[in-house]
Asker: 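The structure is given below, and queries will be raised subsequently.
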Amino acid sequence: MGEAVKRAAEQQEELDVDAIEATVSRALVKRTALPPYDELRELHASLVEHINALMPLAEELVNRMNRGTVTWYQKRSRLNMIPHELRQGLGSGLQSADWHVRSLGYTLQFLLDNAGLAQEHDR
């Protein structure tokens, strides 16, 4: 377990929290019109990259929680769903792509909140 904590700490130093927050903002912005599919594809790639970087950190912190509590169960269940969400892809239509990008934005915000980075960034 000590090795995993060490890797997580090293990874935290490499992550750009401002870039992650900017990506979340881009994904969750209220739109009056749907953006071009290419823009959604680029945003999707950025979201997936950030999600993959934050997953180990969030899992490490959630695994340290008191197992069997409601909070642990809720967070663990959410983490377990993320790989399935990533495999869905954007879909073929503009509306589905926009919905999926928004969903990944909420997922990335969840990971950021549970990876221990947001608190350190605010200091």
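If you're wondering where the values come from, they're calculated on a predicted model, not measured in any experiment.
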Asker: Shortest non-hydrogen contact from G93 to S96?
Answerer: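 Scanning both residues, the minimum pair turns out to be O-OG, 3.0 Å.
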
Asker: Is the shortest side-chain heavy-atom distance between L111 and I20 below 4.5 Å?
Answerer: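 No, too far: nothing below the 4.5 Å cut-off.
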
Asker: Look up atom OG1 in T107 and atom CG in L104, then write down how far apart they are to the nearest 0.5 Å.
Answerer: 5.5 Å

Asker: Which value, rounded to the nearest 0.5 Å, describes the distance between I51 atom CD1 and E85 atom CD?
Answerer: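 With rounding to 0.5 Å, CD1 (I51) is 6.5 Å from CD (E85).
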
Asker: Could you tell me whether the side chain of L79 reaches within less than 4.5 Å of the side chain of N114, counting heavy atoms only?
Answerer: no

Asker: For A27 and V101, work out which heavy atoms get closest and say how close.
Answerer: CB-O, 3.7 Å

Asker: List the steps, then state whether side-chain contact (heavy atoms from CB on, under 4.5 Å) holds for E21 with Q109.
Answerer: CA-CA 8 Å; E21 288 174 344; Q109 184 63 60; 5.8 Å; no

Asker: Looking only at heavy atoms, which two atoms of L61 and G116 are closest? And how far apart?
Answerer: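 Here L61 and G116 meet closest at CD1-N, 3.4 Å.
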
Asker: Using every non-hydrogen atom in the two residues, find where P56 and A53 come nearest and quote the distance to one decimal.
Answerer: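 In this case the closest contact between P56 and A53 is CD-O, 3.5 Å.
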
Asker: What is the minimum heavy-atom distance between L47 and L108, and which atoms define it?
Answerer: CD2-CD2, 3.7 Å

Asker: Set out, in order, the CA-CA distance, both residues' side-chain angles and the distance that settles salt bridge (charged side-chain N to carboxylate O under 4.0 Å, His left out) for E39 and R26, then state yes or no.
Answerer: CA-CA 11 Å; E39 183 179 324; R26 285 179 53 212; 5.5 Å; no

Asker: Using a 4.5 Å cut-off on heavy atoms from C-beta on, say whether the side chain of R64 contacts that of E60.
Answerer: yes

Asker: If you count heavy atoms of other groups shown closer than 6.0 angstrom to OH of Y37, is the number above 12?
Answerer: yes

Asker: First locate atom CD of Q74, then atom OG1 of T69, and finally report the distance between them rounded to the nearest 0.5 Å.
Answerer: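 Those atoms lie 8.5 Å apart.
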
Asker: With a 3.5 Å distance limit and no angle check, can you tell me whether S77 reaches the backbone of Y73 through a side-chain donor-acceptor pair?
Answerer: yes

Asker: Side chains of Y106 and L28, heavy atoms from C-beta outward: is any pair under 4.5 Å?
Answerer: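 Yes. Closest side-chain heavy atoms under 4.5 Å.
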
Asker: Would you check if the side chain of H100 reaches a backbone N or O of G89 as a donor-acceptor pair within less than 3.5 Å?
Answerer: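 Present.
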
Asker: Taking the side chain from N52 and the backbone from V48, do they hold a donor-acceptor pair closer than 3.5 Å?
Answerer: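 Yes; at least one donor-acceptor contact below 3.5 Å.
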
Asker: Do the side-chain N and O atoms of R87 and H84 include a donor-acceptor pair separated by under 3.5 angstrom?
Answerer: yes

Asker: Shared ILVMFWY cluster between L112 and M81, side chains joined below 4.5 angstrom?
Answerer: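 In one cluster: no.
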
Asker: With a 4.5 Å cut-off on side-chain heavy-atom distances among I, L, V, M, F, W and Y, is there a chain of contacts connecting L34 to W99?
Answerer: no

Asker: Please round to the nearest 0.5 Å and tell me the distance separating atom CZ of R76 and atom CE of M65.
Answerer: 11.0 Å

Asker: Give the minimum heavy-atom separation between K75 and F110, together with the two atoms involved.
Answerer: O-CZ, 3.9 Å

